[in-house]
Number of protein chains: 2
Amino acid sequence: MESSTATSGGGSSRREATRQKLYEAAVTLIAEQGFSATTVDEIAERAGVAKGTVYYNFASKSVLFEELLRHGVGLLTASLREAAERTAGEGGSRVDALDAMIRAGLVFIDRYPAFTQLYVAELWRTNRAWQSTLLVVRQEAVAVVEDVLREGIASGELSEELDIPLTAAALVGMVLVAALDWQAFQPERSLDEVHAALSRLLQGRVSGGR
Amino acid sequence: MESSTATSGGGSSRREATRQKLYEAAVTLIAEQGFSATTVDEIAERAGVAKGTVYYNFASKSVLFEELLRHGVGLLTASLREAAERTAGEGGSRVDALDAMIRAGLVFIDRYPAFTQLYVAELWRTNRAWQSTLLVVRQEAVAVVEDVLREGIASGELSEELDIPLTAAALVGMVLVAALDWQAFQPERSLDEVHAALSRLLQGRVSGGR
DNA sequence: GTTTTTGAACTGACCAGTCAGTGCAAAAGT
DNA sequence: ACTTTTGCACTGACTGGTCAGTTCAAAAAC
C-alpha cells in the first residue's frame, strides 16, 4: 500500500504538493476578498487544479480554511517562541525578548502578509463555523507573549501592576496593525524603521527628548 | 449607530429614521458574518422594513455599506478630536491628550463594537469596491493622532526621533485590537482596567517596578 | 397630492458540492 | 515477459439552491 516515492509521514507527496498549492491559492484570495466572496472555482483555478480536486483533498471550503488557519498560526507561534528562547539563551533580558518577538512578528508578517490579513479580518467575527478554531489558535499566539511577561514580572524586571492578558493582547495588536498598515499604506518603509518605532513605544521612549 | 431624531442635514426625518434603522441592522449583520455573507433580505428583516424599502433608500447593497462606513468613521474622528481639544483646553500636556484619545477610542468601541469589528475586518483588503472610501476614512482617523504627536514634538514634550506616521498607526492599532480583544475574549474587564493597561504601555511604565 | 413604504413575485447570474469517468503507476496474475 | 487488476489522484460538466436587484400596484404616512 502507498506509493512510497518520498519522505513524508502521511499521504503521498503528490497529494501533499496539491494541498500546498491549494493553501497558497486560498490564502491570497481569501485575504483579498474575504471567505464568502471567494469561490472554490477561483481557488482551484489559481492553484492550477480542477474543482473536484479541492473536494478530493478537503471536505469542504470551510474545512480547507480551518486547516489553513491552523497551519499558519503554527508557523507564527513557532517563530515567536524561537525568538524568545534565542534571546534567553543569549542572556538577554525579558524586555529584550519582547523586542525580539516584535521583530519576529514583523518578519513573519512581511513574509506572509496575506495570512495575517485574513487572520485579523476573521478573528473577532462571531457566529462563524470556525469560531472555535480561531479561539484556540489566538490563545496559542497570545500565550507566548503572556509567558514572557510573566517571567519578566517574576524576575522583577517588569512592573507587578502589569495586567498580563490585557498587555499581551495590546502588544500583539500593536504589532499586527502596525505591520498591516505598513504593508498597505507605507510600503516604502523598511522593516528596521517599523521595528524601531514599535521598540520605542514599548520601551517608553516616546515622551522625553532623545 | 443611534438615532438622534432631529438635527440631521437633509431629507425628511421619516426617511432618515428608516436609513438609521437600516444602518443599525446592516452594521451588526456585516460585523458578524462579513459583507458577502450578509443578504439584503436579512438586513431588511432585522430593520423591520420591506426589501423594497432598502432599494428605495440606497442604490445598492454596497452603497449602503459605503455610507455606513463614512457615517461611522465620522463619529469616531469627531470623538477623538473632541477628546484632544478638551484636554488642551484644560491645559493638559500632549501625552495627556493621547491618553484622553485612548479613552475616547475605548468608549467609542464600547458603544459601537460592531462597527469597529467591521472596520478592522475590511480595512486592509485590497481589490474591493469601497477600497478608496476606506483609505480616505482611515486617513482621517489616523491624522487626528498624528496632529497631536506633531504638536507634542514641536513643544519638545515628545522625542524628535518619533516616526509620526508609524507611531500613530501603531497607537491606533493598539487601541483597536486591545478593545476588540477585550470585548470578544475578556468581557468581564472594565473599561478602566483596559484603559489603565494601555496607558501604562503608552507611558513606558511597563519595565521598572513601582 | 406627494412622498415613502409595502410585499410579493420574478429574473438571471452565480456557486457549493456531486459524481461518473479518465489517466496512470504499481501490484498481481499468467 | 506480458497482460490484467487495483486504487489513488484528479477531472469537469452538471445540479439544486441562493441571492442581488427589479417591478409595480396598492397602501400608508405626511
Side-chain angles (χ1 to χ4, degrees), chain A residues 1-30 32-68 122 127-130, chain B residues 3 5-27 29-30 32-68 122 127-130:
Chain A
M1 51 183 48
E2 182 130 328
S3 44
S4 60
T5 338
T7 54
S8 54
S12 74
S13 67
R14 180 164 170 223
R15 206 171 167 184
E16 202 47 49
T18 305
R19 292 169 74 98
Q20 198 64 37
K21 279 194 291 183
L22 285 170
Y23 278 156
E24 275 160 39
V27 83
T28 353
L29 287 167
I30 296 179
E32 279 169 12
Q33 309 176 323
F35 176 81
S36 313
T38 301
T39 69
V40 175
D41 290 274
E42 279 177 312
I43 296 174
E45 194 195 338
R46 179 164 310 186
V49 302
K51 186 177 189 176
T53 306
V54 177
Y55 286 94
Y56 181 74
N57 284 282
F58 298 95
S60 68
K61 185 184 167 188
S62 32
V63 166
L64 162 56
F65 182 59
E66 277 188 62
E67 299 196 8
L68 190 61
E122 296 293 339
N127 306 336
R128 305 229 79 175
W130 50 82
Chain B
S3 54
T5 340
T7 56
S8 310
S12 78
S13 68
R14 181 161 164 237
R15 205 174 168 184
E16 201 48 49
T18 304
R19 293 170 72 99
Q20 201 65 37
K21 279 194 288 183
L22 285 169
Y23 279 158
E24 275 162 40
V27 82
L29 287 167
I30 296 179
E32 279 169 14
Q33 310 176 323
F35 176 81
S36 314
T38 301
T39 70
V40 175
D41 292 276
E42 279 178 313
I43 296 174
E45 194 195 339
R46 178 161 314 186
V49 302
K51 187 178 183 180
T53 307
V54 177
Y55 285 96
Y56 181 75
N57 284 281
F58 297 96
S60 68
K61 184 183 166 187
S62 34
V63 167
L64 162 56
F65 182 60
E66 274 188 63
E67 298 195 8
L68 187 63
E122 296 292 338
N127 306 335
R128 305 229 78 176
W130 50 78

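Just so you know, these numbers use all the heavy atoms, side chains as well, and skip hydrogens, waters and symmetry mates. So that the names make sense, note that chain A is the first sequence line, chain B the second, and so on, each numbered from 1.
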Novice: What is the distance, to the nearest angstrom, from the CG atom on A:Leu64 to the P atom on C:dG17?
Specialist: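 That distance rounds to 11 Å.
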Novice: Test of understanding: with side-chain contact (heavy atoms from CB on, under 4.5 Å), list the residues that count as partners of A:Glu122, not counting sequence neighbours.
Specialist: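 Checked A:Glu122 against side-chain contact (heavy atoms from CB on, under 4.5 Å); matches are A:Phe35, A:Phe65, A:Arg125, A:Arg128, A:Trp130, A:Leu134, B:Arg125.
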Novice: Is there a side-chain contact between A:Asn57 and the phosphate of D:dA9, meaning an N or O under 4.0 Å from OP1 or OP2?
Specialist: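 No, no such contact exists.
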Novice: How long is the line joining CZ of B:Phe58 and C1' of C:dT4, in whole Å?
Specialist: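 So the two atoms are 14 Å apart, to the nearest Å.
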Novice: Not counting sequence neighbours, which residues clear side-chain contact (heavy atoms from CB on, under 4.5 Å) with B:Tyr55? List them please.
Specialist: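 B:Tyr55 satisfies side-chain contact (heavy atoms from CB on, under 4.5 Å) with B:Val40, B:Lys51 only.
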Novice: Quick one: pull up CG in B:Asn57 and CG in B:Leu64 and give me the separation to the nearest 0.5 Å.
Specialist: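 The CG atom of B:Leu64 is 9.5 Å from CG of B:Asn57, to the nearest 0.5 Å.
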Novice: OP1 or OP2 of D:dA9 versus the side-chain N and O atoms of A:Tyr56: is any pair under 4.0 Å?
Specialist: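 For A:Tyr56, the contact criterion (side-chain N or O under 4.0 Å from OP1 or OP2 of D:dA9) is met.
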Novice: Does a nitrogen or oxygen in the side chain of A:Thr53 sit under 4.0 Å from OP1 or OP2 of D:dA9?
Specialist: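 Checking D:dA9 against A:Thr53, no side-chain N or O comes under 4.0 Å of OP1 or OP2.
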Novice: For B:Thr38, what residues pass the side chain to side chain donor-acceptor pair (under 3.5 Å) criterion, not counting sequence neighbours?
Specialist: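 Result, side chain to side chain donor-acceptor pair (under 3.5 Å) vs B:Thr38: B:Gln33.
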Novice: According to salt bridge (Lys or Arg N to Asp or Glu O under 4.0 Å), does anything in residues 52-65 of chain B pair up with another residue at least two apart or in another chain? List the pairs.
Specialist: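 Applying salt bridge (Lys or Arg N to Asp or Glu O under 4.0 Å) to every pair that reaches into residues 52-65 of chain B, excluding sequence neighbours, yields nothing.
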Novice: At under 4.0 Å between heavy atoms, which parts of nucleotides 20-30 of chain D does protein reach? Answer with one letter per nucleotide, 5' to 3': B base, S sugar-phosphate only, - none.
Specialist: BBB------SS
Novice: Could you check how far CD of A:Glu45 sits from P of D:dG12, rounded to whole Å?
Specialist: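 The distance from CD of A:Glu45 to P of D:dG12 comes to 12 Å, rounded to the nearest Å.
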Novice: C:dT5, OP1 or OP2 - any side-chain N/O from B:Thr18 closer than 4.0 Å?
Specialist: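 Affirmative; the distance criterion is met.
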Novice: Measure from CD on B:Glu42 to P on D:dC19 and round the result to the nearest Å.
Specialist: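 Interatomic distance, CD of B:Glu42 to P of D:dC19: 7 Å.
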Novice: Under the rule for side chain to side chain donor-acceptor pair (under 3.5 Å), what residues qualify as partners of A:Thr53, not counting sequence neighbours?
Specialist: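 Side chain to side chain donor-acceptor pair (under 3.5 Å) list for A:Thr53, sorted by chain: empty.
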